Amino acid sequence: MISSNEETIQNIVNAIKSVLPDKEHIPLHEPYFGGKEWEYIKDCLDSGWVSSVGDYVNRFEQMLCDYTGSAYAVASVNGTAALHICLLLAGVQAGDEVLVPAVTFIATANAVSYCNAIPHFVDVEHRTLGLDPNKLYDYLQEIIEFRGSVCYNRFTRRPIRAVVPMHTFGHPVDLDRLQEICERYHLVMVEDAAESMGSLYKGQHTGTSGLVSSLSFNGNKTITTGGGGAILTSNKALAKRAKHMTTQAKIPHRWEFNHD
Ligand SMILES: *Cc1c(COP(=O)(O)O)cnc(C)c1O
């Protein structure tokens, strides 16, 4: 069984290598700069707005909304920070458990840890390489109990607050089925859409189904800003709160520096 799997993998690797004869290794993603990047960077430097605010940030956020169909987009320093804030916006608190896929980049679990919450790994399926909603349903049946309207893990006695589907290499998770499960178990769905810019689920852009979701624009992603990320949401109050939290939570004032 194992050896035949290894053989299959070796055959795939050989087939890929045969069409890339001059490459020693196969990159996951290579950034490609073939447009006006140099021009825009010069313009940005000339403007003096080179940090977290400025015209390009506003334009970028608007373009993200136009492209994904999300009502709001808030830029962040990277995808991990975006997901960290998404989880806080979803109400994740210290000591909560958050369900994350067993196959993902470590940032998904790190963002959970940054909330002092506990990543709880659950199975993925072959077809999508993402969270397996049917297995999740059966598993939750076994491990949860309700206290009031909150879903608890009856073995660890911790609340299970949220679930973070991740669309591996751009393959969308079965979001409809997952949504049903979230409703049934009172879980908040936060999508980690770091790898799925441009991927649609039933005609709708990934990252626009959950309460909030995160994108990444690291150099190895579908589109890149060097380093960067964004939070998507259709909820105006959450978008406002996201902007507040990505900008040091400063209360607007002409001279006082109060950060709530
Ligand atoms: C890349 C990635 C992130 C983190 O993005 P950064 O911008 O590198 O912080 C989060 N989750 C997944 C699944 C990723 O692939």
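Just so you know, these numbers come straight off a predicted model, no measurement behind them. Counting starts at 1 for both ligands and their atoms, following the listed order.
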Next on the checklist: Between E195 and H167, is there a side-chain donor-acceptor contact under 3.5 Å, judged purely by atom types and distance?
Outcome noted: no
Item to check | Shell of residues surrounding ligand 1, defined by a 4.0 angstrom heavy-atom cut-off that is strict | outcome: N78, G79, T80, T104, F105, A107, T108, M166, D192, A194, E195, S216, N218, K221, G228
Checklist outcome for this item: Between L131 and P165, the two heavy atoms sitting closest are CD1-CA, 3.8 Å
Checklist entry - Would you call E37 and K42 a salt bridge, using N to O less than 4.0 angstrom? => result no
Next on the checklist: Please determine whether a side-chain nitrogen of the Lys or Arg among E180 and R177 lies less than 4.0 Å from a carboxylate oxygen of the Asp or Glu.
Outcome noted: yes
Item to check | Interatomic distance, R158 atom CZ to Y152 atom OH [nearest 0.5 angstrom] | outcome: 12.0 Å
Item to check | Sequence neighbours excluded, every pair satisfying side chain to side chain donor-acceptor pair (under 3.5 Å) that has a member inside residues 199-208 | outcome: D174-Y201, D176-K202, S196-T206, Q204-T208
